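Take a look at the structure set out below.
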Amino acid sequence: MEVGKFFLVALSLALVLGLVQSIEFTEKDLASEESLWDLYERWRSHHTVSRDLDEKQKRFNVFKENVKHVHKVNKMDKPYKLKLNKFADMTNHEFRSSYAGSKVKHNRMLRGSRGGTGGFIHEKTANLPTSVDWRKKGAVNAVKDQGKCGSCWAFSTVVGVEGINQIKTKELVSLSEQELVDCDTDNQGCNGGLMENAYEFIKQNGGITTEGTYPYKAKDGTCDGSKTNYPTVVIDGHENVPANDENALMKAAANQPVSVALDAGGSDFQFYSEGVFTGDCGTDLNHGVAIVGYGTTLDGTKYWIVRNSWGPEWGEKGYIRMQRGIDAEEGLCGIAMEASYPIKLSSDNPKKVSLKDEL
């Protein structure tokens, strides 16, 4: 009996470890329709994707083209690699619509000039460290998954608030993206939004509650006032990083996690796996993420550490390293165009919350 239990535990562990790994393939898998179909079935099994027969054929054709793209890019001498992740049978248009659809640029046009206090408290930061990683300082929670909901702006905002709260109080609390999706009427929930609007909402609302109190649903909902009556973490407002200035962005990121917007709609971004991303992308800002540090590789390539909200299976356990210090003033993929961060002046909150409250 004990042996049987041990076997089941070992099998479960093997399955879990297997899910962490990506689907690998070789030239042989690309040799014929049959081998490609076998690869697709292996991918579907790995990601537990169910399709009816007609849909499966359609998706297989999309999958084939994506496999070819991943294979082609990985054969090039690029400092990053791609993989067949959970987006592998989605067209790039479908991917952009579902996962890079925050419409930051569109919302900016509607809202006009940026808000905030007008200051930049990190302007005089000097002697910047050569590298910073707020994950190692305990200021960043585990990577989350926004699902097929254009709520990346809420996840980006929450990273900023969780970060500055931990820096000020020494306590890392997981906060509610769903409260922002449901209750922040200056943003559009699953149809996109701006991080600075969300920061202003949290300030005006008297704080934001925990994820445990108001859990994420990956869909629009009605604001639940019974859950928002107990804000846990407060901020005093937000500031914008001077636009198109990576040096200013570096000063901000040296002091706290920073919300940024970027163009994440390219195929290389869709299938990013590891390394320093240097891919082609524009400045059509369509996705909100957060910079949680920066560094330099051994060969001298400078990069940002960017926390995404597509789950830990994407990229480097949910993160992407993006090239820093390129010639374009707006930064790679427009990362320096719309950066902002929350301000928290005191170490007090309306209610002291410990991690055990989240259990």
Side-chain angles (χ1 to χ4, degrees), residues 78-80 96 99-100 102-109 113-114 116 120-123 125 128-134 140 152-153 155-157 159-160 163 192 194-196 199 238-270 272 274-297 299-310 315-316 318-342:
K78 293 181 180 289
Y80 64 92
R96 283 186 283 112
Y99 293 94
S102 193
K103 307 182 184 74
V104 176
K105 188 174 181 180
H106 173 72
N107 278 285
R108 168 58 55 223
M109 292 173 64
S113 60
R114 303 174 75 191
F120 182 46
I121 58 175
H122 303 309
E123 175 61 43
T125 300
L128 291 173
T130 56
S131 65
V132 173
D133 189 340
W134 287 106
V140 185
C152 56
W153 57 271
F155 286 83
S156 173
T157 300
V159 175
L194 297 172
M195 285 76 83
E196 65 186 64
Y199 285 135
H238 79 280
E239 288 184 339
N240 300 316
V241 178
N244 303 324
D245 185 344
E246 282 200 284
N247 186 54
L249 186 53
M250 190 174 171
K251 289 180 179 180
N255 285 281
Q256 64 187 101
V258 179
S259 293
V260 293
L262 44 75
D263 183 345
S267 293
D268 283 10
F269 209 100
Q270 178 177 349
Y272 168 79
E274 61 182 330
V276 177
F277 183 78
T278 59
D280 294 330
C281 50
T283 57
D284 183 15
L285 306 180
N286 51 32
H287 190 50
V289 291
I291 291 176
V292 297
Y294 59 82
T296 307
T297 64
D299 67 1
T301 303
K302 299 176 181 177
Y303 60 84
W304 299 109
I305 304 171
V306 178
R307 182 186 188 269
N308 203 351
S309 53
W310 295 340
E316 295 181 331
Y319 291 83
I320 180 172
R321 284 179 291 159
M322 297 183 64
Q323 188 177 17
R324 174 171 58 89
I326 67 171
D327 291 337
E329 63 179 11
E330 64 269 15
L332 185 65
C333 304
I335 197 170
M337 294 174 67
E338 287 264 355
S340 58
Y341 54 85

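None of these values were measured; they are calculated from a predicted model.
Under 3.5 Å, the side chains of His122 and Glu239 contain no donor-acceptor pair of N or O atoms. A donor atom on one side chain and an acceptor atom on the other are not found under 3.5 Å apart for Asn255 and Tyr341.
From Ile320, atom CD1 reaches atom CH2 of Trp304 across 14.0 Å, with rounding to the nearest 0.5 Å. Taking CZ of Phe269 as the start and CG of Asn286 as the end, the distance is 9.0 Å to the nearest 0.5 Å. Here the SG-CG distance, from Cys333 to Asp280, works out to 9.0 Å after rounding to the nearest 0.5 Å. One distance of note links CE of Met250 with CD1 of Ile291; it measures 11.0 Å at 0.5 Å rounding. Between the OH atom of Tyr272 and the OH atom of Tyr80 there is a distance of 10.5 Å, given to the nearest 0.5 Å.
Judged by distance alone, with hydrogens and angles left aside, the side-chain atoms of Asp263 form a donor-acceptor pair with the main-chain N or O of Gly282 at under 3.5 Å. The closest donor-acceptor contact from the side chain of Asp299 to the backbone of Thr301 lies under 3.5 Å. Not one N or O on the side chain of Trp310 forms a donor-acceptor pair closer than 3.5 Å with the backbone of Gln270. Of the possible donor and acceptor atoms, one in the side chain of Ser259 sits under 3.5 Å from a partner among the backbone N and O of Ser156. In this structure, Glu338 contributes its side chain and Glu196 its backbone to no donor-acceptor pair below 3.5 Å.
Within the structure, salt bridge (charged side-chain N to carboxylate O under 4.0 Å, His left out) pairs that include any residue of residues 323-336 do not occur (at least two apart or interchain). Applying the salt bridge (charged side-chain N to carboxylate O under 4.0 Å, His left out) test to pairs two or more places apart or on separate chains, those with a residue in residues 250-261 are Glu123-Lys251.
The shortest side-chain heavy-atom distance between Gln323 and Tyr303 does not fall under the 4.5 Å cut-off.
Taking Asp133 as the reference, Arg135, Lys136, Ile305 meet the side-chain contact (heavy atoms from CB on, under 4.5 Å) condition, with sequence neighbours excluded.
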